[in-house]
Amino acid sequence: MTTAEQVTHRAEDRFRATTLHDAMPPVDYDRLPPGPSWPALLQTIAMFRFRHTFVPWMHRKYGDVFTVRLLPGSRPLVLHARPEHAKEIFAGDPEVFHAGKGNAVLGPVMGEHSLLLQDGAEHRRARRLLMPAFNGAALHGYEELVAEVARDEVDRWVPGESFRALERMNALTLEVILRVVFGVTDETRLARLRPRVNRTVDINPVILLGWAMPRLQRLGPWRRTVANQVELDRLMYAEIDERRAAPDLAERTDVLSRLIRIDEEGDTLADTELRDQLVTLLLAGHETTASALSWALFELGRDREQLARARKAAAEDDRTWLEAVLKESMRLHPVIPMVVRTLMAPATVGGREYPVGTTVGPSIILAHASAENHPDPEAFRPGRFLELHGNRVGPAANTWIPFGGGVRRCIGAGFSLMEGVAVLREVLSRYDVVAVEDDEPRVRNITSVPRHGARVVVR
Ligand code: HEM
């Protein structure tokens with residue numbers, strides 16, 4: 001049983017414990033591939049605000065491997081455009097190629113046990129304990145509930161009225177997290193959770209970065225952030241306590257119940273770990289899937305031929321085609337721009353040796369926009385995921401990488417595809433979709449989303 005005092009202390013400790021400046025040795029830029037020499041602040045702003053133009057511009061200017069300088073502390077990030085480099089980075093020794101470091105800024109919200117923040121043996125253990133809730137059989141068990149949530153949402157749409165697909169998809173994927181991941185069904189409890197969760201997912205990088213300056217913490221926005229976290233945690237710990245004691249725990253199919261049941265030779269997840277992993281799944285799985293889905297509706301909405309093909313697939317429950325629609329949307333509009341690994345020891349990528357402290361990563365934006373990887377890259381053509389190339393169906397290995405790769409590959413990849421297919425099926429079996437204005441990517445928090453929200457009309 002978690003007491004109110006424990007909840008408050010744990011939340012405050014999370015914020016206090018966050019350090020953004022790791023004791024990484026300075027890296028000599030002369031040993032790294034070329035890149036802009038502007039101040040790190042400018043490059044950081046360009047990467048976070050304008051990455052969809054800045055990254056392709058650097059690629060044109062400097063070639064397939066280039067260096068960006070980022071805050072805090074002017075740290076080097078070496079981006080790679082080639083699939084063979086992506087392959088090497090994904091296969092890099094996880095003791096050397098750390099992924100958690102780059103996510104430290106999310107510590108106050110996700111917590112130290114978060115899968116996204118851990119590395120080495122701790123990461124291996126957490127991944128082993130979480131994996132059974134994301135395997136094929138578990139995913140199959142979530143499908144019906146996801147379809148039900150999607151039907152409820154689509155039922156409320158008014159034909160002929162335009163709306164932002166992103167807004168509706170955000171509401172939908174949030175509901176999926178609450179019901180399918182947290183396993184909450186009680187309406188009163190859902191009503192209490194929704195505003196807390198909404199405020200949590202709307203994480204503002206400035207607030208998170210400001211946490212490194214203790215004097216700021218007394219000010220309103222920071223105080224409110226902690227207060228919201230304490231309240232969310234209180235609800236989550238209460239849910240965990242109750243779920244542990246639930247008489248139907250053995251039959252429940254939601255992610256939390258599965259995680260509570262896991263007992264691998266006596267190793268299970270403690271309450272604090274469950275809380276951290278649930279918030280991680282919430283933050284990692286909500287807006288990412290919503291963005292991918294809203295781009296899919298947007299692309300179908302401006303291509304009558306593809307829409308007709310997808311509606312036929314929905315009517316026939318042809319999941320392979322609907323999945324190809326989603327995959328092609330994620331290719332054309334990468335939700336996450338890159339994958340990053342920080343080197344804990346010198347390592348080689350593409351025949352070049354990098355010193356300790358360098359962050360290396362494949363650029364998802366460049367991999368997906370390359371004509372060599374995907375012929376006619378600007379075109380929305382789901383069929384490319386079903387074409388045979390030699391003995392492989394779809395694009396070559398490491399050319400389509402929206403979920404990263406290797407031991408850190410997105411644990412929710414299968415979940416988001418299952419969810420996306422279920423949602424597209426519900427929408428398209430009922431409606432024609434028309435995009436009402438053009439759109440372009442914009443960076444929101446960490447993900448790229450349609451700037452105008454992918455405005456559509458359904459008929
Ligand atoms: C379109 C939807 C999604 C996209 C584009 C996406 C993308 C990514 C990417 C690029 C990574 C980093 C992989 C790497 O470092 O190699 C990642 C990691 C992760 N994702 Fe997703 N994701 C999506 C949906 C989800 C969902 C639905 C969940 C959970 C329900 C989820 C949970 C996670 C977690 C926990 C990690 C950390 C894995 C680890 O470090 O071991 N994601 N995701």
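Just follow the structure's listing: the first ligand is 1, and inside any ligand the first atom is 1. Numbers here are sequence positions counted from 1.
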key: E287 vs V201 side-chain heavy atoms within contact, under 4.5 Å   = no

ask   = Which of the numbered atoms in ligand 1 are below 4.0 angstrom from a heavy atom of R127?
value = 38 (C), 39 (C), 41 (O)

task = For ligand 1, find out whether one of its N or O atoms is nearer than 3.5 Å to an N or O atom of S416.
result = no

inquiry  = Does this structure show an ion pair linking R151 with E144, if we count only N-O contacts that are shorter than 4.0 Å?
reply    = yes

ask   = When only distance counts, is E419 in polar contact with ligand 1, meaning an N/O pair under 3.5 Å?
value = no

ask   = Side-chain contact, heavy-atom cut-off 4.5 Å: Q229 with L232?
value = yes

request  = Indicate, as side chain, backbone, both or neither, the part of M110 found under 4.0 angstrom from ligand 1 when only non-hydrogen atoms are considered.
outcome  = neither

inquiry  = Using side-chain heavy atoms (C-beta onward) and a distance below 4.5 Å, is F66 in contact with V78?
reply    = no

Residue portion contacting ligand 1 (non-hydrogen atoms closer than 4.0 Å) for H123 = side chain

query = Taking only heavy atoms of M330, which atoms of ligand 1 are found under 4.0 Å from at least one of them?
reply = 1 (C)

note = Taking only non-hydrogen atoms of L116 and a 4.0 Å limit, the atoms of ligand 1 in range are 37 (C)

Student check: side-chain heavy atoms of K101 and T359 closer than 4.5 Å = no

query = Near L115, which atoms of ligand 1 are under 4.0 Å from a heavy atom of that residue?
reply = 35 (C), 38 (C), 39 (C), 40 (O), 41 (O)

key: Heavy-atom side-chain proximity of H333 to D439 below 4.5 angstrom   = no

message = Is the shortest side-chain heavy-atom distance between P76 and Y354 below 4.5 Å?
response = no

message = Check D318 with R309, please: is the shortest side-chain N to carboxylate O separation under 4.0 Å?
response = yes

ask   = Salt-bridged, E187 to R179, with N to O below 4.0 Å?
value = yes

message = I want to know if ligand 1 touches P402 in the polar sense, i.e. an N/O pair below 3.5 angstrom.
response = no

key: Sub-3.5 Å N/O-N/O distance, R408 and ligand 1   = yes

message = Taking 4.0 angstrom as the limit and counting only heavy atoms of V339, give me the atoms of ligand 1 inside it, by number and element.
response = 14 (C), 15 (O), 16 (O)

ask   = Heavy-atom contacts under 4.0 Å between T288 and ligand 1: side chain, backbone, both, or neither?
value = both

ask   = Which atoms from ligand 1 have a heavy atom of G405 less than 4.0 Å away?
value = 16 (O)

key: Proximity flag R341 to ligand 1, non-hydrogen atoms under 4.0 Å   = yes

